[in-house]
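Heads up: the structure comes next, in structure tokens.
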Number of protein chains: 2
Amino acid sequence: MAMKALTKATIYQVAQVAGVSIATVSRALRDSDLVTQQTREKVLAAARELQFTPSRLGRSLAEGRHAANGIVFPDLVGPYYAEVVLGYEAAAAGFGSSVLILATRGRADAEAAVRDMASRVDGLTVMGQSVSDEFIAKLAATGLPIVLLSRDPVPGVDTVRPQNQRTAEALVEHLLEHGHRRFVFLGDPDVAPDFAGRYAGTQAGLARAGVAPADLVRAHGFDLDAGRAAARGLDADAVICANDELALGVLLERPTQIVTGWDDLLAARFAGLTTVRQPMRELGATAARWLNRRITESSDKPAAPRRRVLPTRLVVRSSCGIHSPEVHR
Amino acid sequence: MAMKALTKATIYQVAQVAGVSIATVSRALRDSDLVTQQTREKVLAAARELQFTPSRLGRSLAEGRHAANGIVFPDLVGPYYAEVVLGYEAAAAGFGSSVLILATRGRADAEAAVRDMASRVDGLTVMGQSVSDEFIAKLAATGLPIVLLSRDPVPGVDTVRPQNQRTAEALVEHLLEHGHRRFVFLGDPDVAPDFAGRYAGTQAGLARAGVAPADLVRAHGFDLDAGRAAARGLDADAVICANDELALGVLLERPTQIVTGWDDLLAARFAGLTTVRQPMRELGATAARWLNRRITESSDKPAAPRRRVLPTRLVVRSSCGIHSPEVHR
DNA sequence: TTGAAAGCGATACCAC
DNA sequence: GTGGTATCGCTTTCAA
């Protein structure tokens with residue numbers, strides 16, 4: 001019933017109170033059946049009395065592992081990244097790994113920040129356009145397990161991403177069926193690999209149908225306001241947006257404009273926005289699982305780098321034009 | 001130009017290569033002007049050659065601090081928590097602190113998980129109903145700096161939260177002006193302190209106006225589906241929902257039902273949902289700043305516990321009834 | 001079964 | 001200015 005422990009207890013104190021060595025305390029507090037039941041109880045009692053919690057630092061230093069991993073993303077703006085991170089955290093928690101997050105948001109010292117994170121974890125997931133390929137390669141050369149997420153592959157590194165190109169082509173096909181012919185692609189392909197894929201798919205689909213390529217309008221940013229700002233100058237049958245927020249911004253300014261988005265945010269449903277649904281949680285979870293595999297695999301015979309493209313799916317609502325008898329919810 | 005360093009270099013190797021002691025390496029790599037320019041350069045060269053990055057573990061162990069802090073939340077479902085976490089991360093990054101995240105999502109071992117996190121950080125922010133007050137108190141007694149976020153205060157601990165009660169009263173007033181008299185409150189006050197505050201404010205507002213109290217309908221969960229499921233049995237002039245997702249769910253089932261939400265999600269705008277806007281990023285950022293203050297303050301004369309309620313604001317759209325000439329966007 | 005002691009990788013005090 | 005070394009808190013041989 002001691003009221004001490006206002007200053008974190010160490011294994012030494014527990015050992016002292018229990019009247020054993022620190023080695024024995026360590027054993028008693030973990031698996032180890034090299035301890036008498038009696039001894040174990042003494043130790044546990046002492047530990048409880050002192051409110052002892054082993055220091056992660058000491059533990060990690062001795063074990064040579066952090067039991068933590070990190071996820072780096074460009075920014076968390078919008079629900080998209082958040083969902084991915086969520087899926088990631090859930091999976092990581094599943095195998096007992098803590099998770100660190102880092103938003104680079106265009107910071108000049110992004111690489112330093114990532115390097116710092118790298119020294120706190122057993123492995124890293126890098127999402128989107130947060131740091132350069134060269135930097136990734138350098139990090140990977142260190143031996144640090146890395147998984148790339150929603151980002152173009154780097155040689156030797158695992159990559160998970162959503163299907164962009166092919167689904168963009170399907171989207172274009174659908175718009176063509178509506179009879180639309182003059183297209184604008186709204187969004188900057190350089191801002192995110194996902195955007196680039198959607199843009200490429202758009203143009204590919206158009207080319208295959210023998211239709212003139214879409215005009216590229218690089219919005220300033222990729223949120224609602226960027227969409228609103230860009231909306232004014234638009235002139236096209238249909239505006240294919242790089243994501244939902246841009247599309248919703250356009251819709252706010254021009255409610256009758258034919259437009260499509262990407263991500264299937266909750267708002268898309270209420271705006272009647274035709275868009276593409278992505279398995280966001282699953283993207284995060286897959287990255288976490290793959291990373292864990294890398295971390296735990298024997299480093300002498302590493303498995304070949306994996307690539308996976310998770311399927312996405314066209315969600316047709318009303319913003320792409322009128323459909324006869326269908327219900328759009 | 002060495003191609004080594006496939007295995008993380010230590011300060012000892014750098015010392016060896018540079019031909020100096022580890023103490024000197026440590027000095028050269030940090031501030032310290034107790035090093036010759038010449039020596040410093042030797043050391044830096046060696047460090048670069050070995051791609052040396054100091055181990056956080058060694059560093060933290062020696063310095064007695066993690067330079068990291070964590071945020072615990074019940075779950076990240078919905079955009080609400082994500083925004084808060086975002087604001088938190090940004091602020092934390094601002095003063096050079098890494099951030100760990102932990103979603104308890106009703107896990108039975110939530111306390112163990114939080115305890116684990118506690119051993120990895122210099123301080124903790126606890127959001128919502130993730131762990132018990134008793135546990136918080138115990139943790140705080142350890143001397144671990146803690147800030148509570150969107151959660152009822154615990155003696156001796158800082159608390160930041162959004163205005164719930166008062167704004168709920170304002171919301172009720174508005175609904176009364178519309179002429180509505182029979183109310184339902186949809187959502188479980190026990191599931192989150194925020195919900196409890198909104199519920200209390202609702203009843204208080206009603207009572208003050210001499211109107212019959214709202215029927216409490218405890219939805220099973222607090223997402224869209226929970227709202228849809230609950231919608232069928234509803235019978236009231238107006239349904240005051242604990243959050244936007246519930247309200248949107250109701251709207252999906254009964255588009256003409258008078259209903260209000262809370263959070264002002266992006267979707268609310270497109271659904272014409274009357275709701276309440278909260279400073280989510282600011283909530284997170286404030287928590288991070290306060291925590292940092294606690295961590296860095298001298299522990300012998302700690303400041304008195306702080307409480308702050310961040311203002312929220314009613315956002316009137318069309319779901320609460322028709323308004324004459326106003327535009328609801 | 002238990003204990004003594006050698007690390008793990010830094011920081012910082014104390015001499016020189 | 002630099003070097004030697006104690007220290008942080010734990011895990012894990014190696015002996016006993």
Side-chain angles (χ1 to χ4, degrees), chain A residues 5 7-44 46-47 50-68 115-116 118-122 142-144, chain B residues 5 7-44 46-47 50-68 115-116 118-122 142-144:
Chain A
T7 169
K8 292 242 46 178
T10 74
I11 197 172
Y12 289 93
Q13 336 225 34
V14 179
Q16 177 139 45
V17 171
V20 297
S21 75
I22 60 166
T24 299
V25 173
S26 179
R27 293 194 192 97
L29 259 36
R30 338 176 43 61
D31 46 55
S32 191
D33 25 44
L34 307 95
V35 193
T36 324
Q37 183 58 23
Q38 196 183 16
T39 312
R40 183 190 307 282
E41 276 163 15
K42 267 195 312 192
V43 172
L44 290 180
L50 269 48
Q51 299 234 45
F52 173 69
T53 314
S55 149
R56 259 303 350 157
L57 290 176
R59 207 177 201 295
S60 292
L61 196 54
E63 289 182 336
R65 61 179 224 121
H66 298 268
R115 203 165 245 129
D116 178 87
S119 73
R120 299 172 172 277
V121 298
D122 301 318
T142 291
L144 183 75
Chain B
T7 170
K8 292 242 47 180
T10 76
I11 199 174
Y12 289 92
Q13 337 224 32
V14 178
Q16 176 140 47
V17 170
V20 299
S21 75
I22 61 166
T24 299
V25 174
S26 180
R27 292 194 195 98
L29 259 36
R30 335 172 50 60
D31 47 53
S32 190
D33 25 44
L34 306 96
V35 192
T36 324
Q37 183 59 23
Q38 196 183 17
T39 312
R40 184 190 306 282
E41 277 163 15
K42 266 195 313 190
V43 171
L44 289 180
L50 269 50
Q51 299 234 45
F52 175 70
T53 313
S55 148
R56 264 277 25 138
L57 291 175
R59 208 179 201 294
S60 293
L61 194 54
E63 290 181 335
R65 63 180 223 118
H66 298 268
R115 203 165 245 131
D116 178 86
S119 72
R120 300 173 172 276
V121 299
D122 301 318
T142 292
L144 182 76

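Chain naming here is simple, since letters A, B, ... match the order of the sequence lines and numbering starts at 1 in each. Hydrogens, waters and symmetry mates are skipped; everything else that's a heavy atom, side chains included, is used.
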Using whole Å, report how far [atom1] of [X] lies from [atom2] of [N].
X     : N      : atom1 : atom2 : result
B:R65 : D:dG9  : CZ    : P     : 16 Å
B:L34 : C:dC13 : CG    : P     : 11 Å
A:E41 : C:dT2  : CD    : P     : 12 Å
A:K42 : C:dT1  : NZ    : C1'   : 11 Å
A:L29 : D:dT12 : CG    : C1'   : 15 Å

Practice task
To the nearest 0.5 Å, tell me how far A:I11 CD1 sits from A:L29 CG.
Solution key: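 Interatomic distance, A:I11 CD1 to A:L29 CG, rounded to 0.5 Å: 7.0 Å.
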Problem - Approximate separation, where rounding is to 0.5 Å, of B:T39 OG1 and B:L44 CG - result: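 Result: 10.5 Å between the selected atoms.
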To check you understand the geometry: which heavy-atom pair defines the closest contact between [X] and [Y], and what is its length?
X     : Y      : result
A:R40 : A:V35  : N-CG1, 3.9 Å
A:G58 : B:L61  : N-CD1, 4.4 Å
B:E63 : B:R30  : OE2-NH2, 3.5 Å
B:H66 : B:S119 : CE1-O, 3.2 Å

Handout entry: Distance below 4.0 Å between B:T24 side-chain N/O and D:dG3 OP1 or OP2
Key =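 Yes, within the criterion.
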Between the protein and nucleotides 9-11 of chain C, list every N/O to N/O distance that falls short of 3.5 Å.
residue, atom, partner, partner atom, Å
C:dG9, N2, B:G58, O, 3.2
C:dA10, OP1, B:S55, N, 2.3
C:dA10, OP2, B:I11, N, 2.5
C:dT11, OP1, B:R30, NH1, 2.8
C:dT11, OP2, B:S26, OG, 2.6

Practice task
Only counting residues at least two apart or in another chain, list the ones meeting side chain to side chain donor-acceptor pair (under 3.5 Å) with B:S55.
Solution key: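 Applying side chain to side chain donor-acceptor pair (under 3.5 Å) to B:S55 gives none.
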Problem - Bend angle of the helix from C:dT1-D:dA16 to C:dC16-D:dG1, end axes from five pairs each (to 10°) - result: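 Here the local axes at opposite ends form an angle of 40°.
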Handout entry: Sugar-phosphate only, base, or nothing, as touched by B:T39 at under 4.0 Å among non-hydrogen atoms
Key =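 Since only primed, P, OP1 and OP2 atoms lie under 4.0 Å of B:T39, the category is sugar-phosphate.
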Exercise for the section: Keeping the roles fixed (side chain from B:D122, backbone from B:R65), state whether a donor-acceptor pair exists under 3.5 Å. Expected result: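 Not at all, since once roles are kept as given, no pair shorter than 3.5 Å links the two residues.
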Problem - Which nucleotide in D:dT2, C:dT1, C:dG3 has an atom nearest any side-chain atom of A:T36 - result: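 Looking only at side-chain atoms, A:T36 lies closest to C:dT1.
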Problem - Any B:T142 side-chain heavy atom under 4.5 Å of A:Q51 side chain - result: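 The answer is no; the side chains never approach within 4.5 Å.
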